[in-house]
Amino acid sequence: MNAQTKPNPGLAGILVALLAALSSGAIAAGIADTKHNLSVTGTGTIKSTDQTEICVFCHTPHDAIKNDNIPLWNHTLSTTAAYGTYSSPTFDATDAAEIGGVDATTAAVSNLCLSCHDGSVAVNSLNNPSNARPTTTMAGGVTNITGSANLGSSSTALKNDHPVNFTYDAALAAADGGLKAPGSLTGVKLFNDKVQCASCHDPHTSQDPTGMAFLRVSMSGSTLCLSCHDK
Ligand code: HEC
Ligand code: HEC
Ligand code: HEC
Ligand code: HEC
């Protein structure tokens, strides 16, 4: 009996430990190899010379900028008053709302991205710096995004980008005629039923084979687009 029962819990124990090691490693390894690792171990050009923590640039366990629509946020929000909103004669969504001029109580998930990607706020400007390192120095003094990853902070900045911050529900799918049922989406993500930057992007990792652009679904064959659009 012993010989038969003993190996099973042993094996199960090893598997549990292995899975735990793999999954905790996977989170760190995932973001650690991306441009969103702004710590000393970062692989991009915008990185710290002294901060060893990775999550701190975006999240804090305590004293976060919190409203019920965002996760434990730590990066200083942008004060940009207006980004503009997408419009076209065939755009059917009716509630696409301006996301400029928001504050901590009204910020949406897309404002989290724009807190760095509108180029107006230093990436090391934090709400609650880590106790171990109250100030963070950036390599070469480069603190703001200035290249093609800077979407801009003008009042028309988002007019030429895929629309965000609008409700994607069954009524919209019916009105548009070329959208999948929102309940049947796979890979992509809606936030309170809304399309946001993070509907297409996962800021922690990328499913695209090129490893680029933090995409939730690969752009090969435009699979990402076809996750929502029935074309
Ligand atoms: C460059 C910014 C950035 C960094 C760095 C970052 N996150 Fe996030 N995180 C976000 C944004 C933006 C969201 C909201 C969008 C979303 O849910 O994908 C988010 C959401 C989350 C969520 C809630 C949604 C989910 O996926 O479960 C968790 C948990 C999380 N992050 C954990 C972490 C941890 C742990 C780290 C460090 C290893 C980390 N994040 C580093 C930007 C970041
Ligand atoms: C704390 C600041 C910060 C936040 C918040 C942040 N990013 Fe970034 N992101 C960066 C930096 C820095 C880069 C590198 C830019 C560069 O090299 O010019 C980057 C790069 C990117 C890139 C380009 C990746 C590549 O390989 O070229 C994408 C796409 C991106 N971010 C999307 C997002 C999205 C979407 C969100 C929100 C869900 C977000 N980011 C939130 C700082 C941030
Ligand atoms: C409908 C899907 C979708 C939405 C919504 C979306 N993106 Fe993207 N984004 C993409 C794709 C796909 C790429 C890669 C494009 C390419 O390779 O040319 C990309 C590229 C980027 C890049 C890299 C640009 C570069 O040339 O370096 C950044 C930064 C970025 N997105 C940020 C954002 C932010 C911030 C938002 C919200 C305001 C957002 N994205 C909303 C799909 C999306
Ligand atoms: C998360 C779901 C989702 C993803 C992924 C997505 N879209 Fe969209 N897209 C929508 C929704 C919803 C609308 C709004 C449709 C409407 O109201 O007419 C929209 C609007 C558009 C529009 C404007 C339509 C108009 O009538 O002006 C275009 C063009 C478009 N998307 C192309 C793309 C492309 C290209 C990709 C891939 C890079 C993509 N979308 C990825 C959900 C998505």
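What you see is a predicted model; the values in this text were computed from it and never measured. We're numbering straight along the sequence, starting at 1. As the structure lists them, so they are numbered: ligands from 1, and atoms in each ligand from 1.
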Original post:
Which of the atoms in ligand 1, numbered in the order shown and given with their element, are less than 4.0 Å from a heavy-atom of I54?
Top reply: 5 (C)
Original post:
In ligand 1, which numbered atoms sit nearer than 4.0 Å to a non-hydrogen atom of P203?
Top reply: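 Ligand 1 atoms under the 4.0 Å threshold to P203: 10 (C), 11 (C), 12 (C), 18 (O), 42 (C).
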Could you see which bit of [X] sits under 4.0 Å from ligand 4, with heavy atoms only: side chain, backbone, both or neither?
{"X": "L185", "value": "neither"}
{"X": "L179", "value": "side chain"}
{"X": "Y168", "value": "side chain"}
{"X": "T90", "value": "both"}

Original post:
Judging by distance only, is a nitrogen or oxygen of S110 under 3.5 angstrom from one on ligand 3?
Top reply: no
Original post:
At atom 8 (Fe) of ligand 1, what's the angle from H204 NE2 to H59 NE2, rounded to 10 degrees?
Top reply: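 Taking atom 8 (Fe) of ligand 1 as the apex, the two atoms subtend 180°.
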Subject >> N or O contact, R216 vs ligand 1, cut-off under 3.5 Å >> reply: yes
Is there a protein heavy atom less than 4.0 Å away from [atom]?
{"atom": "atom 43 (C) of ligand 3", "value": "yes"}
{"atom": "atom 33 (C) of ligand 3", "value": "yes"}
{"atom": "atom 15 (C) of ligand 3", "value": "no"}

**OP:** Measure the distance from atom 5 (C) of ligand 3 to every protein heavy atom, then report the residue, atom name and distance (to 0.1 Å) of the closest one.
**Re:** C200 SG, 3.6 Å
Subject >> C113 heavy atom under 4.0 Å from ligand 1 >> reply: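 Heavy atoms of C113 never come under 4.0 Å of ligand 1.
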Original post:
Is I31 near ligand 1, meaning one of its heavy atoms is under 4.0 Å from it?
Top reply: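 Within the 4.0 Å threshold, so yes.
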Original post:
Counting heavy atoms only, which part of F214 comes closer than 4.0 Å to ligand 1: side chain, backbone, both or neither?
Top reply: neither
Original post:
Taking non-hydrogen atoms only, is Q196 closer than 4.0 angstrom to ligand 3 via side chain, backbone, both or neither?
Top reply: backbone
Original post:
Do H75 and F57 have ring centres separated by under 6.0 Å?
Top reply: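 When the ring centroids of H75 and F57 are compared, they turn out to be at least 6.0 Å apart.
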**OP:** May I ask whether D161 places a heavy atom under 4.0 Å from ligand 3?
**Re:** no
Original post:
Taking atom 8 (Fe) of ligand 4 as the centre, how many protein N/O/S atoms fall inside a distance shorter than 2.8 Å?
Top reply: 2
